[in-house]
Structures are given as C-alpha cells and as structure tokens.
There are 2 protein chains.
Amino acid sequence: MALRHAVLAALLNEELSGYQLAKAFDVGVANFWHALPQQLYAELAKLEREGLVAGREVVQDTRPNKRLFTVTEAGLAELTRFAATADKPSFIRDDLLVKVQAADHLDPDELVTRLLERAALADAKIELFGGLLRRMRGDRDEEDFLRHGDHIGPYLTCLRGLAFEQGNRDWCHRTAAVLRERRTTDVPR
Amino acid sequence: MALRHAVLAALLNEELSGYQLAKAFDVGVANFWHALPQQLYAELAKLEREGLVAGREVVQDTRPNKRLFTVTEAGLAELTRFAATADKPSFIRDDLLVKVQAADHLDPDELVTRLLERAALADAKIELFGGLLRRMRGDRDEEDFLRHGDHIGPYLTCLRGLAFEQGNRDWCHRTAAVLRERRTTDVPR
DNA sequence: TACTACATGTAATGAGTTACATGATTAG
DNA sequence: CTAATCATGTAACTCATTACATGTAGTA
C-alpha cells in the first residue's frame, strides 16, 4: 500500500497528468519508486475517488485532452500520517545478481556480457541523473542549494539514485574483471 | 518468473531445507533476492514437481524431520538458459525514499528519525556482510580469493550487498545532516 | 509512409504479502 | 513458564506485469 504515497509525493511539487506521471515512474527517472502506466492510471482514479488528489480537465485541440492532478489537503494529511510510520526494509531483487550468485556454474563469457550491458545502462542513468541534478540546482553549487533552495526532496532522492547507479557500475566492472581474470588463469571448475 | 532461478542459484553450492532457505532469503542475508518462507516452500514444491530440484528426507529425533534440496541436471540447464536471457532492469522501491521525496512538505524531525533508524539498520547489515565475506575467503586476502578460490559467486553478490548498504548509510547521514542544517538556519517553507 | 509521442484505459494472469495453523524442543 | 528456534505448510488477499484496445498529430 505504498504506491499511493509514491504518487502523492510525486505530485507535491508539480501538477501532472497520468501520462506525465507514467513517464516519471518509468525506467529513466524512477529515483524513488517504479510503476507502470496502468498502475498509475488506476491509482490516480482511486486516489481521486478518495479525495486525496484532485484532477482538472485540460482541453487541448492539437493533442488529446488530459487531466492534471494535484494533491489535496486530505492527501497531504495522508502523506504526513505515512511519514510517521516505520518503513519496512527495502529489498534487492535483481536478475543480474541471481546470475552472478550462480557464477561458479555458468559460462563466464555470458556473465561478462550481461555485466557490461548493465554497466552501460548504469552509465546512461548516471549521466541522466547528473543532468537532472544540475537543472534542479541551477547555477548554485550543491552545498548552497541544499542549505537554502526549495524542493530539495527530489534532489535528495536523485542523489541516492545517482550513488546507486555508480555503485552498480563500479561493481559490474569489478565483477567482470574478476571473471575475465579467472578465465585466463585457467581455474578448475 | 525469477524467484525460481533465485532458489536454484541459492541451492547450487549447498544442500538446504526450506527452512534454511527461508532464513537465507530473509532480511539478514538476502544479498541477491528476497522472499518469504511461504513463497519458498511453494516454489520448492513446484520445482520438485518439475524435476529441477530433488529433495531427500532427513529423519531427526530431537528436531522435526526435514527435507534437503539439491539442484538437478535439469535445474542447472534451466539456470544456464536463464543466464543467456537479457535481464530486466531492477528498480528501487523504498518507503524511505518516498518520504524524502516529500521532504519539503513534511516534518524534518520525523524524517531525521527515519533516516537514522535506517542508517542503524544499514550499519548492522554492513557488519553482517563483512563477517560473511571474511568467513567465505578464510585466511586469504580478497584479491587472492577472487582469483583462485571457488564459490566466488556468493562472495561477489555479497560485495554488492555490502556496497549497497554502505551507500544507504552514507546517504542517510548526509540527508539527515542537510535536514538538520536547514531546520536551524530557518529556511522559509 | 512509417514511426514516435500524446493520452487513457480494461482484462487476465502472475507474483508477493498477510493471516492463520500445528507441534516439538531448547534457552533464558 | 515464556519465548525463541526448528520445520512445514494453506487460504485469502493485494499488488504488479503482460497483453490488448483506441485514436490523433507531428516527425523522419
């Protein structure tokens, strides 16, 4: 029951349509949660029925009409209540780690391929997040922005996303190097 | 459909009961996947029906009897097939990040409390993982173990878990420091 | 002309969580 | 005597993913 809170948090600083939300929750920018469009449309409908968000129709002639959503008082109250609860630990669930766990019984070349694929993906995200951070803090430096800027929430979560992807990239390279090294030194299997 | 592969990977290096598996997949040691006991018992039953794992009854008189599982040839083949598929990107889903995303609209003290709780949890895991790594590599140093040891798969995934928790801890402290700093310098909200 | 972006959903299936159930042994 | 550990599940429910569905406008 936390997708609802993720949606509320995402709508706090900007009014968004379901479509825009979906993009924010997609692969690219999901620094704090991930969800598919279908889930988001469904969740928005539910949140609106419960009065936690309010939607307003925006008529467009060149594009299909859309509905923009904002968080209501009740929605903010719900988020506040949520913030006071202890959060359940978050878990890793990653195909790639499963494969590396089985490394001793699998083809190293195959694994190295996967690891480099993932490292490339991480690099792309690192660049993306770097750009987002720069845009958010404008011409200030980070220290100054975090002390005196507003909307630091998204900035802070993006910092976590950045560090996470850097961790991914480093680990992928290190692991690939280890597997390649063993391949050439002819280790018994 | 990846829990099955996680179970197979976990059973590769040691014969385990459902109960032992459940402990490995629990909060403490889940460096590459997480699942609850119920899921694991169900998955083991399914894997056995499909011939991917084989269970053998172990009679105990002081404890309830248990069934120990090993991966079959077919199971290893299934893992190999899995390793060749491209893996879907893994996503973050974390209550705490949702709360920080909404930081600009929530009570900073509350958030700092959550962040320090999480940092403490991360510290505990860091110690735990550190110990596991030491046990796995024995008296060798890491470089040597990774070059010539066997069962490096679990070691490598544990390294990722360790780095992840260190990232968590650092980010929690940094974020808490930022929020405390702003509280004292009286930023407009 | 084909593809991508905009914009919003429904339906079916699969995966994960919560609650419940049982029963013995050992450590505090 | 109470709690934790060992050991294994079932049932109900919620959440997430996959597949499908529709239609317009701008870009290559």
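Residue numbering restarts at 1 for every chain, and letters A, B, ... go by the order of the sequence lines.
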(request) Kindly give the cluster partners of A/V59, where membership spreads through any ILVMFWY side chain lying under 4.5 Å from a current member. (result) none
(message) Using a strict threshold of under 4.0 Å (side-chain N to carboxylate O), is an ion pair present between B/D109 and B/R183?
(response) yes
(message) Among D/dA16, C/dG14, D/dC15, which nucleotide has an atom closest to any side-chain atom of A/K46?
(response) D/dC15
(message) Whether A/Y19 contacts C/dC6 is assessed here as follows: a side-chain N or O lying under 4.0 Å from the phosphate OP1 or OP2. Is that the case?
(response) yes
(request) Answer yes or no: is there an ion pair linking B/K88 with A/D94, defined by an N-O contact shorter than 4.0 Å? (result) no
(message) Taking the basic N atoms (NZ, or NE/NH1/NH2) and the acidic carboxylate oxygens, is any pair closer than 4.0 Å for A/R147 and A/E143?
(response) yes
(request) Under 4.5 Å between side-chain heavy atoms, chaining through other members, with only Ile, Leu, Val, Met, Phe, Trp and Tyr counted: pull out the rest of the cluster around A/L36, sorted by chain and number. (result) none
(request) Would you mind reading off the bend of the helix from C/dT1-D/dA28 to C/dG28-D/dC1 from its two end axes, five pairs each, to 10 degrees? (result) 50°
(request) Would you please name every residue forming a ring pair (Phe, Tyr, Trp, His ring centres under 6.0 Å) with B/F82, sequence neighbours left out? (result) B/H5
(request) Mark up nucleotides 17-28 of chain C, 5' to 3', with B wherever a protein heavy atom is under 4.0 angstrom from a base atom, S wherever such an atom reaches only the sugar-phosphate, and - elsewhere. (result) BBB---B-SS--
(request) Can you tell me the distance, in whole Å, between the CZ atom of A/R67 and the C1' atom of C/dC6? (result) 17 Å
(message) Less than 4.0 angstrom from a charged side-chain N to a carboxylate O is my criterion; do B/R56 and B/E15 meet it?
(response) yes
(message) B/Y155: which residues meet the ring pair (Phe, Tyr, Trp, His ring centres under 6.0 Å) condition with it, sequence neighbours left out?
(response) B/F145
(message) Looking at A/Y41, I'd like to know whether one of its side-chain N or O atoms comes within less than 4.0 Å of OP1 or OP2 on C/dG9.
(response) no
(request) May I ask you to evaluate whether B/K23 reaches the phosphate of D/dA7, defined as a side-chain N or O under 4.0 Å from OP1 or OP2? (result) no
